[in-house]
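It should be emphasised that the depicted structure is a prediction, and the values quoted were computed from it without experimental measurement.
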Amino acid sequence: MAREGEPTLDDLLSEPIIRKVMAVDGYTPDDIRTLMRRAGAREPFVKIPKPSNSVSAPQRRPAMPIST
């Protein structure tokens, strides 16, 4: 990180684990920057579509019921 305290958006977006999660979800750092800029400007929400060439994240198994 560039400084002490709260990380900047660029700090977060440069983390390898964050990059991997975004890649699996089909988003880029620019998509996140656009989302944050819109949120900061209080622009109406517009969903950013996933790229058509994105790889789907593996599906999670449903939780097993707990028997008592």
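Both Met22 and Met36 are part of a single hydrophobic cluster, where members link through side-chain heavy atoms under 4.5 Å apart. When the side chains of ILVMFWY residues are joined at heavy-atom separations under 4.5 Å, either directly or via intervening members, Ile18 and Ile32 end up in a single hydrophobic cluster.
Between Pro29 and Arg19, the shortest heavy-atom contact is CG-NH1, 3.4 Å.
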Exercise for the section: Would you check, one step at a time, whether the test side chain to side chain donor-acceptor pair (under 3.5 Å) holds for Asp31 with Thr34? Expected result: CA-CA 5 Å; Asp31 294 331; Thr34 299; 5.8 Å; no

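Taking the side chain as every heavy atom from C-beta outward, Leu13 and Arg33 approach each other to under 4.5 Å.
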